[in-house]
There are 2 protein chains.
Amino acid sequence: MRQTIVLNARQQQMLDRISQEGEVRIADLRELFPVTEMTIRRDLEKLEEAGSVRRTFGGAIFVGQDVALKERTGLLTAEKARIGRQAAALIRPGESVFLDGGTTTLQIARSLPAGMSVTVVTNALNVASELAGKRIPTIMTGGTLLESTHSLVGPIAVQTLAGMAFDRAFLGTTGVSVEHGFSNSNLYEAEIKQLAIRQSGETAVVADHTKFGAKVLVSFAELSGVQRIVTDEAPEEALRQACLEKGVQLDIAD
Amino acid sequence: MRQTIVLNARQQQMLDRISQEGEVRIADLRELFPVTEMTIRRDLEKLEEAGSVRRTFGGAIFVGQDVALKERTGLLTAEKARIGRQAAALIRPGESVFLDGGTTTLQIARSLPAGMSVTVVTNALNVASELAGKRIPTIMTGGTLLESTHSLVGPIAVQTLAGMAFDRAFLGTTGVSVEHGFSNSNLYEAEIKQLAIRQSGETAVVADHTKFGAKVLVSFAELSGVQRIVTDEAPEEALRQACLEKGVQLDIAD
DNA sequence: ATGATAATGTTAAAAACGAACATAATTATG
DNA sequence: CATAATTATGTTCGTTTTTAACATTATCAT
């Protein structure tokens, strides 16, 4: 886990300013603060480590709570992108598709070509944001906003979902194991995932290889509960065998 | 209006890659494309003009549809921020509040102190994103995503809203005039605004001074239909008089 | 074909960056 | 309280990246 970075007064002031202006140049900061350019540069470096700011040539821009961006700079991006592309390739024109929250499902949205004739239903803010600019018809479920994942859950989400049917659902997961099936650490998210599976013709779980073998709080489906797993690396023998037996298609993204 | 920037095949490919990876270095691009560093740099410059990319030292990062950033660099930000603060000050702890889409209502969300004990209901993606990091309970209506404003509308939004009641609603508007009342250019958004007024104890319209006198397609309420207008400058005499007569409180942000 | 326009390449100077070390300020410790 | 250790800031300088200016090549319209 990344440790919290503590900011001094000047750095906090800088961050305030950058968040207000959206952008700042080092030259401007030098007039505002009686310190060397080098110190300002070090401050910005620190703010960048904290994830609040991104340095540009000669300055910095605010990224703040931009989840999307943070994810991109996060771990395993390349792998997730590959998984996303592979999963997106499953979608046929005209289909209605459910995408839930998570960094990997976001990559699916990102891989959809602009203007594609599919209808996407999602409970994830970042997925919706991504699709908003792509001329792809998008419907959000509504619901209570979860801070941790920026997804919508709870009774409103359930009610909306219950009235819909999808050709295909793509779900993220925190753990995949033979005994515990697919699991998630949040009960309410798990509820949505279960419902999505029920309302969908075919369900694919997207999961990078680090998820194999992990079990967390709530199991939202058994292995046999979904038709397909899209991942980046083949899992160990036991899991692979279990998938084979239970008729779960394993898609390894190349 | 900013004119559309046309990209050639290579630039489109670059953008695809940057949007997928989130970030790219010029050195990498040079291996991918058989052109000079200078040409790549010019390509990135063009992508930056188009607003899709931000150049960093030695590369570029994807910004894509980052609404937040665009708004900040947009017009009248300072005025809208003032309006937002003034409007946010109306909210009492414990209340349930509806915020609709728009750059000014976003400023209300931005002005709410983190952790405040209010429940916010919104149909706007950017408002929800803003609140997600602030430990403020947030509910989204769900609905069909409108590209133009990143807000949710249509039957799902209507149905969800119909089952709720607010202490307070804050609505953006495109036009305010004596005869046409409050108007909006999108029929579906107007429908949501009307419903929000109906479900809310008190409604405030937030509008900067440039909206005064303007009339656009759909009127979603008469002047007397709301209790309050929060703005940055007093409107002309006729409108001010009409507000006075119809019991609409005029709040000028300082 | 030919001239105009746009795209790309080349070169050199300017700007920004990062590393290394020096110095000042702050904090910990005997 | 003095002094060592740590941290923050300043300075210098070499490296990298960027930009500007001009040269060349490709593309297009006439």
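Throughout, a chain's letter reflects where its sequence line sits, starting with A, and its residues are numbered from 1.
- Summarising the geometry, the separation between CZ on A:R30 and P on D:dG10 is reported as 12 Å, rounded to the nearest angstrom.
- In terms of heavy-atom proximity, B:F62 sits nearest to B:S19 at CE1-CB, 3.3 Å.
- The shortest heavy-atom contact between B:L145 and A:A128 is CD2-O, 3.4 Å.
- The two atoms that bring B:A207 and B:V176 nearest to each other are CB-CG2, 4.3 Å, heavy atoms only.
- Base contact: B:T36 has a heavy atom under 4.0 Å from a base atom.
- Rounding to the nearest 0.5 Å gives a distance of 6.5 Å between CD1 of B:I108 and CD1 of B:I91.
- Note: CD1 (B:I40) to C1' (C:dT8) measures 12 Å, nearest angstrom.
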- Item | Contact letters for nucleotides 16-21 of chain C, in which S counts primed atoms plus P, OP1 and OP2 and B counts the base, heavy atoms under 4.0 Å | SBSB--
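- Note on A:R54 versus A:E48: salt bridge recorded, some NZ/NE/NH1/NH2 to OD/OE distance being below 4.0 Å.
- Counting to the nearest Å, the P atom of C:dT26 and the CZ atom of A:R10 are 12 Å from each other.
- Under 4.0 Å is where a charged nitrogen must lie from a carboxylate oxygen, and between B:R41 and B:E37 at least one such pair does.
- Distance CG (A:L44) to P (D:dA8): 16 Å, rounded to an integer number of Å.
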